[in-house]
Amino acid sequence: MAKRSNPSNLELQALSVLWHKGPSTVAAIQETLPDGKDRAYTTVLSVMQNLERKNLVKRALVGRAHVYQAAYTQEVIVQRATHDFLTNAFGGRLGEALLAILSAGTLTPEEKTNIERELQRHKTMAAKKTAKKAAKKAPAKKAAKKAVKKTAKKAPAKKAAKKAAKKAVKKVAKSAKKAAKKAAKKTVAKKAAKKAAKKAPAKKAAKKAAKKAAKK
C-alpha cells in the first residue's frame with residue numbers, strides 16, 4: 001500500500017460517496033455529499049484533486065468526463081480514522097463509543113441484522129481464541145501430569161530401596177555385634193584356660209608334698 005495522508009472530514013464525505021455509489025464525476029459527488037450543504041463545483045473539484053495527491057483516489061478519463069474511484073476500501077481508510085476517534089474522544093473505550101453512535105440515530109432492520117451478525121462474529125472469534133489458548137496449554141498440562149504420575153510411581157520404589165538399605169545396615173550391624181560378642185567370649189575362655197594352666201603345676205606339687213608328708 002502506497003504512503004498516504006489521512007483525509008479531512010470533507011474528503012471523507014467525498015470518499016463515502018465513492019464507496020457507496022461507485023466511480024463518480026465531480027458533479028455527482030457534489031450532489032450527494034452526506035451533509036447536504038451547498039458547495040461550489042470548484043470546491044468539490046479541489047477536494048478530489050487533494051484526494052488524488054494523497055493517493056486516496058484514482059482518476060480516469062471516460063469520454064470527456066473525469067471519473068474518480070476510491071483507491072482503497074472503506075474498511076482500510078476508516079480503520080485508522082476510527083482508531084484515532086476512539087482514542088481521542090473516548091479514551092479507547094469501545095463500548096462507550098458504540099453507545100454514543102447508536103444514540104445519534106435510528107438503525108434500519110438491515111443495519112440491526114448486520115450489527116448482530118458482527119457481534120456474533122466477534123463472540124465466535126473470542127471463543128476460538130480462548131479454545132486455541134487452552135489447546136496450547138493442554139500439552140504442557142498433560143506433560144506436567146505425566147511427570148507427576150511418573151514421580152509418584154518412582155516414589156514407592158525409592159522408599160522401598162531406602163527401607164531395604166536401612167534393613168541391610170541394621171543386619172550388618174547386628175552380625176558385627178554378634179561376632180564381637182562371640183570373640184569376647186572366646187577371649188575370656190582363653191584367659192581362663194591360660195590361668196588354669198598356670199595353676200596346674202603348683203596344684204600338682206602341693207598334692208605331691210602332701211602325699212610325701214603322709215608317708216613320714
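- In this structure, Arg53 has no salt bridge (charged side-chain N to carboxylate O under 4.0 Å, His left out) partners at least two apart in sequence or on a different chain.
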Distance-only donor-acceptor hits, side chain of residues 30-38, under 3.5 Å, sequence neighbours excluded:
{"residue": "Gln30", "atom": "NE2", "partner": "Arg39", "partner atom": "O", "Å": "2.6"}
{"residue": "Thr32", "atom": "OG1", "partner": "Ala28", "partner atom": "O", "Å": "2.8"}
{"residue": "Asp35", "atom": "OD1", "partner": "Lys37", "partner atom": "N", "Å": "3.2"}
{"residue": "Asp35", "atom": "OD1", "partner": "Arg39", "partner atom": "NH1", "Å": "2.9"}
{"residue": "Asp35", "atom": "OD2", "partner": "Gln13", "partner atom": "NE2", "Å": "3.1"}
{"residue": "Asp35", "atom": "OD2", "partner": "Arg39", "partner atom": "NH1", "Å": "3.2"}
{"residue": "Asp35", "atom": "OD2", "partner": "Arg39", "partner atom": "NH2", "Å": "2.7"}

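- Of all non-hydrogen atoms in Pro7 and Lys54, the two that sit nearest each other are CA-NZ, 4.1 Å.
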Under the side-chain contact (heavy atoms from CB on, under 4.5 Å) rule, what do Thr25 and Tyr68 come out as? Steps first, then yes or no, please. CA-CA 6 Å; Thr25 61; Tyr68 290 88; over 6 Å; no
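- Side-chain contact between Leu12 and Ile77: present, with at least one pair of heavy atoms (C-beta onward) separated by less than 4.5 Å.
- Every residue two or more places apart in sequence or in another chain was checked for a salt bridge (charged side-chain N to carboxylate O under 4.0 Å, His left out) with Glu111, and none qualifies.
- Pairs engaging residues 76-123 under the ring pair (Phe, Tyr, Trp, His ring centres under 6.0 Å) rule: Phe85-Phe90 [sequence neighbours left out].
- Residues in residues 12-33 take part in no ring pair (Phe, Tyr, Trp, His ring centres under 6.0 Å) pair, two or more places apart or across chains.
- Counting only distance, with no hydrogens or angles, the side chain of Thr130 and the backbone of Ala126 share a donor-acceptor pair below 3.5 Å.
- Just one residue in the list Glu52, Gln49, Glu11 forms a side chain to side chain contact (heavy atoms under 4.5 Å, CB included) with Val57, and that residue is Glu52.
- Residue pairs satisfying the salt bridge (Lys or Arg N to Asp or Glu O under 4.0 Å) criterion with at least one member in residues 119-134, sequence neighbours excluded, are listed as follows: Glu118-Arg121.
- For Leu99, the side chain to side chain contact (heavy atoms under 4.5 Å, CB included) criterion is met by no residue, not counting sequence neighbours.
- The salt bridge (charged side-chain N to carboxylate O under 4.0 Å, His left out) test applied to Glu116 returns no partner, not counting sequence neighbours.
- For Pro23 against Val67, the heavy-atom pair with the smallest separation is CB-CG1, 3.6 Å.
- Shown here are the side chain to side chain donor-acceptor pair (under 3.5 Å) partners of Gln79, two or more places apart in sequence or in another chain: there are none.
- Annotation: side chain of Asn6 is in contact with side chain of Asp84 (closest heavy-atom distance under 4.5 Å).
- Side chain of Ser103 to backbone of Ala100: a donor-acceptor contact under 3.5 angstrom is found.
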Under the criterion side-chain contact (heavy atoms from CB on, under 4.5 Å), I'd like the reasoning laid out for Leu18 against Met48: C-alpha separation, chi angles, the key distance, then a yes or no. CA-CA 11 Å; Leu18 298 180; Met48 300 313 295; 4.0 Å; yes
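- Considering only residues two or more places apart in sequence or on other chains, Arg64 meets the side chain to side chain donor-acceptor pair (under 3.5 Å) condition with none of them.
- When the side chain to side chain donor-acceptor pair (under 3.5 Å) test is applied to Asn114, the partners found at least two apart in sequence or on another chain are Arg117.
- In this view, Gln74 satisfies the side chain to side chain donor-acceptor pair (under 3.5 Å) rule with no residue, not counting sequence neighbours.
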